[in-house]
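The block underneath contains the structure these notes are about, expressed in structure tokens.
Every heavy atom of this structure was used, including side-chain atoms; hydrogens, water molecules and symmetry mates were not. Numbers restart at 1 for each chain; the letters A, B, ... are given by sequence-line order, proteins then strands.
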Number of protein chains: 2
Amino acid sequence: MSATKAARERATIVDVARAAGVSRQTVSNVLNRPELVAAPTRDRVRQEIVRLGFAPNVAAQQLRRRRASAYGFEVNPSLVGKMGHILDGFLVELTTTAPGHQSHLVTFTADRDDVLAGYRQLLGTGLVDGFIVGDTRYGDPRPAWLVESGVPFVAFGRIWDLPALDQWVDVDGRAGMRTAVEHLLAEGYGSVAFLGWPVGSPAGDDRRQGWLDGLAGSTADTPSLVEESVQDLNRATCAAARLLERMGGAGAILCASDLLALGAMRAVRAAGLEPGSDIGVVGMDDSDVAEALELTSLRQPLREAAVAAWRILHGDPKGRAPALLAPTLIIRNSSTRSQEKKP
Amino acid sequence: MSATKAARERATIVDVARAAGVSRQTVSNVLNRPELVAAPTRDRVRQEIVRLGFAPNVAAQQLRRRRASAYGFEVNPSLVGKMGHILDGFLVELTTTAPGHQSHLVTFTADRDDVLAGYRQLLGTGLVDGFIVGDTRYGDPRPAWLVESGVPFVAFGRIWDLPALDQWVDVDGRAGMRTAVEHLLAEGYGSVAFLGWPVGSPAGDDRRQGWLDGLAGSTADTPSLVEESVQDLNRATCAAARLLERMGGAGAILCASDLLALGAMRAVRAAGLEPGSDIGVVGMDDSDVAEALELTSLRQPLREAAVAAWRILHGDPKGRAPALLAPTLIIRNSSTRSQEKKP
DNA sequence: TCGCAGAGTTGGAACGATCCAACCAGCCCG
DNA sequence: CGGGCTGGTTGGATCGTTCCAACTCTGCGA
């Protein structure tokens, strides 16, 4: 379907001007600076705009304004469909809130060899003004390059390498974990162990710290209550099993991700115990798996993150500040002692 | 970050022309119709393009060509994060393959009250030339409207209401189910029961038919081997339990979705049996849950679907045809009798 | 020798909006 | 009564590219 159907002529600003008996520029003013136009004129023009179904041509605006009002969003095949992948949800929330900022999003993929190629491309052709950068990691070349190039952007995830940069939004995993510990203690699980990722990942270390925060003041023997596993179900199950041995058939396991928590639930069942009534289990990210398996988890506030991202991108340069948002604890059977049985 | 940094001047086509000692138009020809330009001139111009880092301004092209080379993709908050939601994966594959078609994607959301509002908006401003429409359903007003408006589009999912339309790609759930039945029989499960959605959903009925196809020729008592459930874990578990009673502790359960399959696995375990070694279970969509729980499932060929979508959208109007793609059976422990145990 | 075809190249116009400077009328003030 | 100010409106120029028609030049056949 290469040829677009015989382009039904769309009304232009000149058509509106002629119909309303004013000049081109006045119509433009009605749209962009209505306070400059006398009320009767304004109304007449607005009426004609509606009548003719006029909508300004974006390409013409972009060309003249030298601004695309569009932002690039990188999507990466390797991450999709993985548990705990929340970038899609973030993209949706960004898209939902974009019209309020007279903006839209353009998706693109990274080049295998040159991470920055896609960014250069979109910028060089003027297709976008800036970017929303997800999956920030240690050694990420993108933030530095973007700053150096003077390109507007906001990161989803702290810019770990460059603490001086404040143009990011992130979820406060640490606070979330602390909340989870408090919940588990309040439920009466006695002790709370931690199943986390190996030390060295920024988000992982942050979450672990939240667990420690929650235990602060308690007399827990923390070193014996911690196990590590990479993001793999079987490894996680084994690690959780080791943890359970030391826990003596009681307590709760707080996990750095839903996948780890899934491993924990398996280990619990393998030990002849029941998640929830015997051993509390809590995950993080509130993935579809958590929902399906009645796993208590921490939900990321993606809507708020999107709103904050736009504020940082579009807001007053002075007024902007990094946004660290607290996740919400979604309590399900895996962390409830008195199980409500299902029909 | 409202003001873009003091716009480092990008090279324009005129700069290249001047540098190469040719006219504007010749540079344009080198880019768009190189066969018209003499080889030496062409090389000289190309050299200058590289030297100056020139990239044509997309807005100017869009304006002059009266074509955006962009397509709208609707994303819907209510579907994200649900099991079996594959539209995100499709979006990624579309994005990956877009540059090959000199196109890009713009995301947008539907209005609550007016489904078509977003489509009208993007089209009216000339931001996109057409759409990729996902989640087609019975009574979907979009295809008819798009056809009537003469807007190029391709649907992911058959256009059930308008069988005459051929501009769609879809996954052949029926063929997938048939394959799954054959696999289960080959594994020696004896009988294959079906856990599906209530009759009336197009995709669901299609999948059920595939199950029947697979059993054709066998002597199975199909009516007694079928149960229905809506897309809800507890309902699915109950339905699977009813099915198990009638199956007499042997056979396999083929499910219309991973969520239903998850319910089946639960019911199997609740009956003191083990998925795989005792009762085979197969789902559909190959979600992250399937991977995590070692559930055999059918993976949708999203890459191929994206390629086909672009072909239909951009291809020769005569040469295009609807694309019905077979999913791939991903065999895991839930449908393997001789379990390979993990470390 | 001239006309013609075709390859290669060129400049003007257009796409549809906004920026900018100028214009006009009315009013107030000196 | 003239000049400055202000609210409202206007037309020309411009953003960077492609479309289109016309131009030049070379070679060739009549």
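- When the nucleotides dT9(D), dG11(D), dT18(D) are ranked by their closest atom to the side chain of Arg24(B), dT18(D) comes out on top.
- Heavy atoms of Gln25(B) sit under 4.0 angstrom from at least one base atom.
- Atom-to-atom, CD of Gln62(B) to P of dT18(D) comes out at 12 Å; the value is rounded to the nearest Å.
- Checking Asn32(B) against Arg65(B) by side-chain atom types alone, a donor-acceptor pair falls below 3.5 Å.
- Rounded to whole Å, atom C1' of dC19(D) lies 11 Å from atom CG of Asn29(B).
- Backbone-only engagement by Thr12(A) is indicated by non-hydrogen atom pairs under 4.0 Å involving sugar-phosphate atoms exclusively.
- Side-chain contact between Val16(B) and Val45(B) is present, with heavy atoms from C-beta onward closer than 4.5 Å.
- A straight line from CZ of Arg66(B) to P of dG16(D) spans 21 Å, rounded to a whole angstrom.
- We find that CG of Leu63(B) is positioned 9 Å from C1' of dC15(D), with the value rounded to whole Å.
- When DNA chain C is scanned 5' to 3' for any atom under 4.0 Å from a heavy atom of chain A, the first and last hits are dG16(C) to dC20(C).
- Within the model, atoms OG1 of Thr12(B) and CZ of Phe54(B) stand 7.0 Å from one another, a figure rounded to the nearest 0.5 Å.
- Trp145(B) and Tyr119(B) have perpendicular rings, their planes meeting at more than 60° on a 0 to 90° scale where under 30° would count as parallel.
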Give me the distances for all protein-to-nucleotides 5-8 of chain D N/O pairs that come in under 3.5 Å?
none

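- No N or O donor and acceptor, one from the side chain of Arg65(B) and one from the base of dT18(D), sit under 3.5 Å apart.
- Side-chain atoms of Val128(B) and Phe108(B), non-hydrogen and from C-beta on, never get closer than 4.5 Å to each other.
- For Ile13(A) and dT10(D), the CD1 to C1' distance is 13 Å, given to the nearest whole Å.
- In this structure, Asn32(B) places its CG atom 17 Å from P of dG16(D), rounding to the nearest Å.
- Taking side-chain N and O atoms only, Ser28(B) has no distance below 4.0 Å to OP1 or OP2 of dC19(D).
- Remark: the Gln25(A) side chain and the Asn29(A) side chain contain an N/O donor-acceptor pair separated by less than 3.5 Å.
- In this entry the distance linking CD of Gln61(A) with P of dG16(D) reads 17 Å, nearest Å.
- A donor-acceptor contact shorter than 3.5 Å is absent between the side chain of Arg42(A) and the backbone of Val30(A).
- With 3.5 Å as the limit, one finds a donor-acceptor pair spanning the side chains of Tyr71(A) and His314(A).
- Residues passing the side chain to side chain donor-acceptor pair (under 3.5 Å) test with Arg299(A), sequence neighbours excluded: Asp286(A).
- Here the P atom of nucleotide dG11(D) and the CZ atom of Arg18(A) are 13 Å apart, to the nearest Å.
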